Structures are given as C-alpha cells and as structure tokens.
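FYI, the numbering just counts along the sequence from 1. These figures come from a predicted structure and were not determined experimentally.
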Amino acid sequence: MVAPLSSARDAACAALLATLLLVACTRTVELVDLHNGSVLTGTHSLWHRSVSVSLPTGETAAGPYTKLTAADIGAESLFFGANAGELLGGHTAERVYGYAWLIGERGTVVEIIFSSDWLGHGHGVARTSLKEEYRVTF
C-alpha cells in the first residue's frame, strides 16, 4: 500500500514542478505611453517566445518574438530606419536583443524592439499602427 501513495505523491510533485516552471517562464509586461503616461499590461512567455498585450481599444495583441538579428525589419516595419541601439540605450554584451510583432483581433499592429538579460528581464520600445509609442519593461 505504501507504493501507490508514494507514486501518487511523486506524480503530484512532478505536476507541481512543471506548473511552477511554466509560471516562472511567464512575466508581466508593462507599456507606458510616452505621450500621456497611461499604462498597458500584458504577459511575456519565455517558454513560448511570445508577448500578449491588452490595448486601449479593447483588443488583445499577441505574437511571437525573435532575436533582433533574425528579424526582417523592412520598409513596412514601424521601426524601419530607426537606430535600435539609440532607442535601447547602447550595446551590452550580456544582453539579448529582440523583436516582437503582435497583431490584435481588429488588425492593430504592435511592434516591440527590446533588450533583455538571460533571465528574461528587460526593456524596450513599442510602436503601434495607431501611431502610439511606449516604453516597455518586463
């Protein structure tokens, strides 16, 4: 009778550990409007390499992120021609630079360029297709 109790406990511990790992990989994202100081919130998932943000329009914009060096930022990008180093405050070797492209249910586009450490904490800049600009922290 001890074995089933032990294996049930082991299974419960494994499930708890898996849940904690997934929760630990999700962080809060905060976007502060550069013009009026209003704050938008969302989540950043390290596990899924994605970002989701609630917009003032009532939309939720969501999408993946990638390393900035792997992103194709062309003429259609909201950051086309921008100096990413200047926007992010310079270069540090220990940081990862990234790019996120989010789209809302009604078609609003949010683009984020960011710098983060290896633990997933960072900062960046966001622009929307509605001509809004935000300072991003996570």
For this session: Output the distance between atom CG (Leu31) and atom OG1 (Thr41), rounded to the nearest 0.5 Å.
Result: 9.0 Å
For this session: Report the distance from atom NZ of Lys131 to atom NE2 of His35, rounding to the nearest 0.5 Å.
Result: 11.5 Å
For this session: Work out which heavy atom in Ile112 is nearest to a heavy atom in Ala126; give both atom names and the distance.
Result: CG1-CB, 3.7 Å
Exercise. Minimum heavy-atom separation for Tyr65 to Ala100, with atom names?
Worked result: CB-CB, 3.7 Å
Problem set entry | Close side-chain approach of Leu46 and Arg27, heavy atoms under 4.5 Å | yes
Problem set entry | By side chain to side chain contact (heavy atoms under 4.5 Å, CB included) - contacts of Ser52 (at least two apart) | Thr43, Thr60, Ala62
Problem set entry | Minimum-distance pair of heavy atoms, taken over all atoms of Ser129 and Leu78 | N-CD1, 3.8 Å
Exercise. Mind checking what makes side chain to side chain contact (heavy atoms under 4.5 Å, CB included) contact with Leu55, not counting sequence neighbours?
Worked result: Leu40, Val53, Thr57, Glu59, Ala61, Thr108, Val110
Seminar exercise, completed: Arg135 and Val125 have their tightest heavy-atom pair at NH1-CG2, 3.4 Å
Exercise. Using the ring of each side chain (for Trp, its six-membered ring), is His44 parallel, tilted or perpendicular to Phe138, with breaks at 30° and 60°?
Worked result: tilted
Problem set entry | Heavy-atom side-chain proximity of Ile113 to Tyr97 below 4.5 angstrom | no
Exercise. Do the side chains of Phe79 and Val32 join up, straight or via other hydrophobic residues, at under 4.5 Å, putting them in one cluster?
Worked result: no
